[in-house]
Protein chains: 2
Amino acid sequence: MLFRPVPKLKRGAEVAVIAPAGPFDKASFDKGLERLAERYQPQFTPGIFSSHRYLAGDDARRLAELRAAFAQPAVFCARGGYGVHRLLPSLELSELKPQALIGFSDITALHAVYGLAGFRSLHAPVLTQLGKQAPEIVERLFRLLESNAPAEPLKGQGAIGHGTAEGPLLGGNLSVLTRLIGTPFMPRLDGCVLLLEDVGERPYRLDRMFMHLKLSGVLERVKGFALGELTGCEEKGANYGPLDVLSELIAPLGKPCVFGLPIGHGEVNEPVVLGARVRLDTATRTLESLEGLTE
Amino acid sequence: MLFRPVPKLKRGAEVAVIAPAGPFDKASFDKGLERLAERYQPQFTPGIFSSHRYLAGDDARRLAELRAAFAQPAVFCARGGYGVHRLLPSLELSELKPQALIGFSDITALHAVYGLAGFRSLHAPVLTQLGKQAPEIVERLFRLLESNAPAEPLKGQGAIGHGTAEGPLLGGNLSVLTRLIGTPFMPRLDGCVLLLEDVGERPYRLDRMFMHLKLSGVLERVKGFALGELTGCEEKGANYGPLDVLSELIAPLGKPCVFGLPIGHGEVNEPVVLGARVRLDTATRTLESLEGLTE
């Protein structure tokens, strides 16, 4: 499958800020907004501050906000959490326009829809995380939006298996992605390099989620694995970690895997382009991007 | 789909005890075993006490133990936890013989396989839970194994929607069941009354799991919902509970639902027959069983 680049974003352009998933901390939002406003003109409605249980307002509000954002050249998501799955049945692929989608975690489900519509999108810090990222990360994110240069090559902490793998980068958050299995919204992972990261999931849960991917048959057609952060996934008092569990499941598949990439819920969340071709190399432990986000 | 009854179990028969999922507490096991030994001759191998991380021994051990148990007229599972999913790719439906399978929670995944092979099975306390159940529950469990009488009618705490629904009872643990979606091991839920219970899952997770079922399209063909216990699924400090969340997702489906049934991880875990026809009635808040487990 080929994923089309989206139009370049101009400095000073109007960009949408939306909260399609969970409610967020106002201070973190303001801090991220400040960064964003140094480069673009962020637009949002007061409804973004809505909070209903674990959702940033009801489904109708979040859906209307998302739909309105389709008209903008870029859509920054305020936070992940949970909530995109609830909007999916109401979305039509034909509604989506070529634009830059920016976010991660629960936004993985929205990236999936953009991918199914044939667009590349930007797996990168959400707005509430943006203020906590180093200035270089923010600058790299902006550069990806404004030029067609590929993302910086990223170095992992280690590798499983041997060799290289090349294909479009797909995936994102393991919990969120696997909650799309067997639905019309599951990305077609054939030939891809599969990105996986997660937060706050105990090792047995990571095992169960990875097994779900395996049992669904999609891993047979995946070319390799790019593992990001597994933040707070340690089992208290255990003599094994989340990576031990995933390694043992990945190794028998005989596909190259680079782990410990600085992507996800850790202190550093490097922007990478979903749908762009990447090259994984276990010898150098690198994830090299071959394509950028924009035309 | 029709689910065949299995042969009756005789008092004093040899029965298998296996641990296909998580490791367990020896004292709880011994207590349950004592109860079981009052009626049957429980057989197990010392390997059942194996423990590797969150598993009762490695996959090969648990698989061999399960396979050996196929020769017995009944298989009691020691505990749920997690681990059955890891064995599924190695199982062939043709290996399964008509026999009584007893368990719940992670054993939901094994019930799914027995159901796909066309057999009814017994959603009931695992061995480590058996010693903590009231004697009447244990007696009812044994009676289901030894006669073809249906399970006792169960009363729920409330209902959603109006009306009755009749069909085979399928499902079990929500977390475990939804980790089969999009795999060859997912039960065919067409025309069924769907049993759901869970433990230790925060409300947003229950929401995400229920949405997963919905997005996969299977709920359209479900006739009604039988909700068991949602043990320890409360969100700390929240002014809403797990049932509020599930109710709001179930109500718009316009299908009868009885909730608060004494099935699952609570103090009372009433045995019910998966694959047996049941009748759900919102007026009386009852789950009435129309068929038993055995021939």
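Here is the naming used below: chain letters follow the sequence lines, and residue numbers restart at 1 for every chain.
- Ranked by heavy-atom pairs under 4.5 Å with chain B, the first of A:Arg179, A:Met211, A:His85 is A:Arg179.
- Annotation: maximal heavy-atom pairing with chain A below 4.5 Å, among B:Ile181, B:Leu55, B:Asp207, occurs at B:Asp207.
- Neither the backbone nor the side chain of B:Arg202 comes within contact range of chain A; no heavy atom of the residue lies under 4.5 Å from a heavy atom of that chain.
- Residue A:Val245 touches chain B through both its backbone and its side chain, counting heavy-atom pairs closer than 4.5 Å.
- Nearest heavy atoms, B:Glu248 versus B:Pro252: O-CD, 3.0 Å.
- Between chain A and the options B:Glu235, B:Met186, B:Glu201, heavy-atom pairs under 4.5 Å are most frequent for B:Glu201.
- Heavy-atom pairs under 4.5 Å with chain A peak, among B:Thr183, B:Leu180, B:Leu88, B:Asp244, at B:Thr183.
- Among the candidates B:His212, B:Lys214, B:Arg208, the residue making the largest number of heavy-atom pairs closer than 4.5 Å to chain A is B:His212.
- A:Lys255 forms no cation-pi arrangement with A:Phe225, by the criterion of a distance under 6.0 Å to the ring centre and an angle within 45° of the ring axis.
- At least one donor-acceptor pair under 3.5 Å links the side chain of B:Arg62 to the backbone N or O of B:Gly83.
- Checked by atom type, the side-chain pair A:Asn173/A:Asp106 shows no donor-acceptor distance below 3.5 Å.
- With a 4.5 Å cut-off on non-hydrogen atoms, B:Asn239 does not touch chain A at all.
- Between the side chain of B:Arg61 and the backbone N or O of B:Gly47, at least one donor-acceptor pair lies under 3.5 Å.
- Here the two rings, on B:Phe44 and B:Phe76, have centers that are 6.0 Å apart or farther.
- In terms of heavy-atom pairs under 4.5 angstrom with chain A, the leader among B:Gly182, B:Gly217, B:Pro89, B:Ala238 is B:Gly182.
- Taking the ring centroids of A:His265 and A:Phe104, they lie under the 6.0 Å cut-off.
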